[in-house]
Amino acid sequence: SRASGLELSAATIRNVMADLEEYGFVTSPHTSAGRVPTDKGYRFFVDTLLRRRRAQGVDDVIDAWFDSGAMPFAQHHYPFENRDKVDRREHYPADFIAEGLDQTRGWFYTLLAVSTLLTGKPAYRSVACADLILDAQGKKMSKSLGNTLAPQLVAEKMGAEIIRLWVAATDYSGDLAIDDKILARVVDAYRRIRNTLRFLLANISDFNPATDTVADADLLEIDRWALARAAAFQTDILAHYEEYEFHPVVAKLQLFCSEDLGGFYLDVLKDRLYTTAPGSLARRSAQTALHRITHAFVRWMAPFLSFTAEEAWSFMGQPGNNGSEKHSESVFMETYTAWPAATADSEALLAKWQRIREIRDLVNKEIEAVRTTGAVGSSLQASVTLTVPADDHALLASLGDDLKFVTITSAIQLVAGGAIHVSVEASKSTKCERCWHYRDDVGHDADHPTLCGRCTSNLYGAGEVRGHA
């Protein structure tokens with residue numbers, strides 16, 4: 001302040017920095033190497049500022065906020081003594097800056113004011129402000145109140161990825177809440193994402209994209225749907241990333257894992273992955289889709305689950321795990337997957353399978369109701385009669401015999417009628433010990449009395465033919 005009698009000079013700055021370093025508040029390579037603003041250089045900057053504004057200068061005022069805002073500008077436009085010769089003006093203005101909301105009248109403002117004053121344009125292209133962090137009682141976290149939660153302790157207990165995920169999952173446009181219960185929910189979200197990734201990686205471990213990839217035209221219909229859904233999902237979340245909206249990305253990725261993948265696609269896929277011949281078209285079609293989705297998935301999560309994404313990326317390039325595949329050393333050297341542009345056909349495919357999923361949910365609901373009575377165990381023990389209107393009948397009938405794989409039942413009879421009606425009863429057939437389907441042809445081969453016809457075909461014959469699921 002003016003009353004302090006301090007002169008704002010290189011010597012003053014040097015002394016203040018030395019005190020800060022001595023007490024451990026800051027470590028500066030500039031002060032340790034003697035790289036501080038010279039009186040001449042600093043005066044040049046100040047004089048330029050004053051001359052352009054025709055203002056009167058004083059040299060006995062220290063304003064922390066003004067210095068905080070002015071110094072980034074000075075570093076780019078008025079190099080310090082002994083600084084490297086890199087011209088930083090080409091990197092000005094900054095693409096992005098972030099700080100607490102309370103700084104909008106602090107260095108955010110002074111940096112904006114100084115840059116606009118001297119160059120006629122802002123010092124940054126975009127800015128994001130985060131609000132205050134609150135405890136479980138809604139109080140601002142403060143050292144004086146003793147209600148802070150040390151990130152180091154959270155990292156030691158739960159891992160640094162949990163902190164990153166909490167940050168990404170929290171809407172920073174308002175107050176940020178954190179406590180043990182909130183972190184427990186974040187851990188659950190992390191497990192859901194990680195377990196989905198583990199399933200994807202496990203089921204492409206024997207897939208060689210150079211020799212096993214199925215052409216798009218030959219992919220099964222549900223696999224083409226999964227790729228179209230992944231492309232639409234990526235378009236959605238990248239729009240959020242462009243606006244620095246991370247919490248919708250986290251929320252939607254969780255839903256994608258639990259509903260689109262775990263709750264539907266991967267659930268339907270298990271029979272094909274585990275029961276068809278290893279090199280069959282049916283299985284390779286599934287792996288082709290999973291391979292592309294996995295590559296996209298790792299990129300989607302990389303901005304906020306960096307270590308998990310990097311670990312998965314390195315695993316995908318190991319010998320025996322797509323070792324023939326060439327990709328960058330780090331996922332952060334990659335760009336997002338370039339999906340084909342949406343077409344009328346892909347939009348129709350998405351709409352078709354959306355309706356199939358809705359009807360499937362009704363079937364599952366009825367099976368669950370019967371299961372609670374003890375009449376059936378798993379859904380594969382259920383024999384279903386499904387009555388649907390004409391439009392839905394045509395849609396479901398297009399799947400042929402593959403409809404039972406979509407509903408994960410051993411048998412389903414489709415009937416054209418009025419309103420949708422689902423009838424469920426226990427199958428009277430015998431259970432195959434390999435695929436667990438209840439079928440009349442179990443034991444048809446005397447050499448394999450516990451296997452059904454499709455399993456003996458998949459193991460010892462030409463293999464079953466799938467066209468849709």
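Counting begins at 1 with the first residue of the sequence.
- Looking at Gln234, its side chain does come within 3.5 Å of a backbone N or O of Thr337 through a donor-acceptor pair.
- Nearest approach of Ala286 to Tyr265, heavy atoms of both residues: O-OH, 4.1 Å.
- Note that the OG1 atom of Thr409 and the CZ atom of Arg360 stand 10.0 Å from one another [nearest 0.5 Å].
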Between His448 and Tyr460, is the side-chain contact (heavy atoms from CB on, under 4.5 Å) condition met? List the steps.
CA-CA 11 Å; His448 308 285; Tyr460 311 109; 3.2 Å; yes
Evaluate side-chain contact (heavy atoms from CB on, under 4.5 Å) for Ile293 paired with Arg229, printing each intermediate quantity in order.
CA-CA 10 Å; Ile293 292 172; Arg229 178 69 189 99; over 6 Å; no
Check the pair Thr275 / Arg434 against side-chain contact (heavy atoms from CB on, under 4.5 Å), numbers first and verdict last.
CA-CA 8 Å; Thr275 68; Arg434 180 174 180 270; 3.8 Å; yes
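- Between Leu253 and Ile193 the shortest side-chain heavy-atom distance falls below 4.5 Å.
- Here Lys252 does not pair with Asp260 in a salt bridge; the nearest charged N to carboxylate O distance is not below 4.0 Å.
- Proximity of a side-chain donor or acceptor of Asp392 to a complementary backbone N or O of Val388 within less than 3.5 Å is not detected.
- The closest side-chain heavy-atom distance from Trp436 to Ser378 is not below 4.5 Å.
- Leu197 places a side-chain heavy atom less than 4.5 Å from the side chain of Phe297.
- Between the side chains of Glu464 and Thr276, not a single donor N or O lies within less than 3.5 Å of an accepting N or O.
- Closest approach of Val214 and Arg292 over heavy atoms only: O-NH2, 4.2 Å.
- Distance alone, capped at 3.5 Å, places no donor-acceptor pair between the Thr385 side chain and the Gln413 backbone.
- Proximity of Ile420 to Pro389: side-chain heavy atoms (C-beta onward) are separated by under 4.5 Å at one or more points.
- The number of heavy-atom neighbours closer than 6.0 Å to CD of Glu311, taken from other residues, nucleotides and ligands shown, is 12 or below.
- Using a 4.5 Å cut-off on side-chain heavy atoms (C-beta onward), Ser285 and Arg272 make contact.
- Between Asp95 and Ser126, the closest heavy-atom pair is O-OG, 2.7 Å.
- Residues Asn458 and Gly463 come closest through the heavy atom pair OD1-CA, 3.4 Å.
- The residues Lys404 and Asp271 are annotated as not salt-bridged, no charged nitrogen and carboxylate oxygen being separated by less than 4.0 angstrom.
- When atom types are taken as modelled, the side chain of Thr407 and the backbone of Leu403 share a donor-acceptor pair closer than 3.5 angstrom.
- The distance from atom CE of Met316 to atom CD1 of Ile204, rounded to the nearest 0.5 Å, is 5.5 Å.
- Other residues, nucleotides and ligands place no more than 12 heavy atoms under 6.0 Å from the CD atom of Glu329.
- Side-chain contact check for Phe199 versus Leu261: every heavy-atom pair is 4.5 Å or farther apart.
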Any chance you could lay out the side-chain contact (heavy atoms from CB on, under 4.5 Å) test for Gln381 and Ser410, step after step, and finish with the verdict?
CA-CA 7 Å; Gln381 192 180 357; Ser410 293; over 6 Å; no
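- Taking every heavy atom of both residues into account, Gln254 and Ala189 meet most closely at OE1-CB, 3.2 Å.
- With rounding to the nearest 0.5 angstrom, the CZ atom of Arg284 is 10.5 Å from the CG atom of Leu273.
- Salt-bridge formation is not detected for the pair Lys365/Glu368: no Lys NZ or Arg NE/NH1/NH2 atom is positioned less than 4.0 Å from an Asp or Glu carboxylate oxygen.
- Between Thr308 and Tyr190, the side chains place a donor N or O and an acceptor N or O closer than 3.5 Å (distance only, hydrogens not considered).
- Salt-bridge annotation for Asp441 and Arg439: present, with a side-chain N of the basic residue lying under 4.0 Å from a carboxylate O of the acidic one.
- Counting only heavy atoms from C-beta outward, the side chains of Val187 and Leu165 never approach each other to under 4.5 Å.
- In this structure, CZ on Arg198 lies 10.5 Å from CZ on Phe315, to the nearest 0.5 angstrom.
- Distance CD1/Ile178 to CD1/Ile163: 7.5 Å, rounded to 0.5 Å.
- Asn203 and Gln287 form no side-chain donor-acceptor contact under 3.5 Å, judged by distance and modelled atom types alone.
- Under a 4.0 Å N-O distance rule, the pair Arg224/Asp216 does not qualify as a salt bridge.
- Checked by atom type and distance alone, the side chain of His468 pairs as donor or acceptor with a backbone atom of Ser398 at under 3.5 Å.
- Within 6.0 Å of the NE2 atom in His444, the count of heavy atoms belonging to other residues, nucleotides or ligands exceeds 12.
- In this pair, Trp353 and Phe264 present their aromatic rings tilted. The plane angle is within the 30 to 60° band.
- With hydrogens and angles disregarded, a donor-acceptor distance shorter than 3.5 Å links the side chain of Thr196 to the backbone of Arg192.
- Remark: the backbone N or O of Thr456 is not paired with any side-chain donor or acceptor of Asp445 at under 3.5 angstrom.
- Looking only at distances, no side-chain donor or acceptor of Thr170 sits under 3.5 Å from a matching main-chain atom of Tyr172.
- With Arg371 contributing its side chain and Gly377 its backbone, the two residues share a donor-acceptor pair below 3.5 Å.
- Ring orientation note: the planes of Phe256 and Trp300 are nearly perpendicular, at an angle over 60° on the 30°/60° scale.
- Between Asp345 and Lys352 there is no salt bridge, since none of the side-chain N atoms of the basic residue sits less than 4.0 Å from a carboxylate O of the acidic one.
- Other residues, nucleotides and ligands contribute at most 12 non-hydrogen atoms within 6.0 Å of the CG atom of Asp440.
- Contact check on Asp188 versus Arg185 returns no salt bridge, with no Lys/Arg side-chain nitrogen under 4.0 Å from an Asp/Glu carboxylate oxygen.
- Residue Leu290 forms a side chain to side chain contact (heavy atoms under 4.5 Å, CB included) with just one option from Asp223, Leu201, Leu266, and that option is Leu266.
- Relative to the six-membered ring of Phe405, Arg466 meets both conditions, a distance below 6.0 Å and an angle of at most 45° to the axis.
- Formation of a donor-acceptor pair under 3.5 Å by the Asp402 side chain with backbone atoms of Ala469 is found in this model.
- Taking all atoms of both residues into account, the shortest heavy-atom contact from Phe307 to Glu161 is N-OE2, 3.2 Å.
- Going from atom CD1 of Ile133 over to atom OG1 of Thr148 covers 10.0 Å, rounded to the nearest 0.5 Å.
- Side-chain contact between Leu386 and Val415: absent, with no pair of heavy atoms (C-beta onward) separated by less than 4.5 Å.
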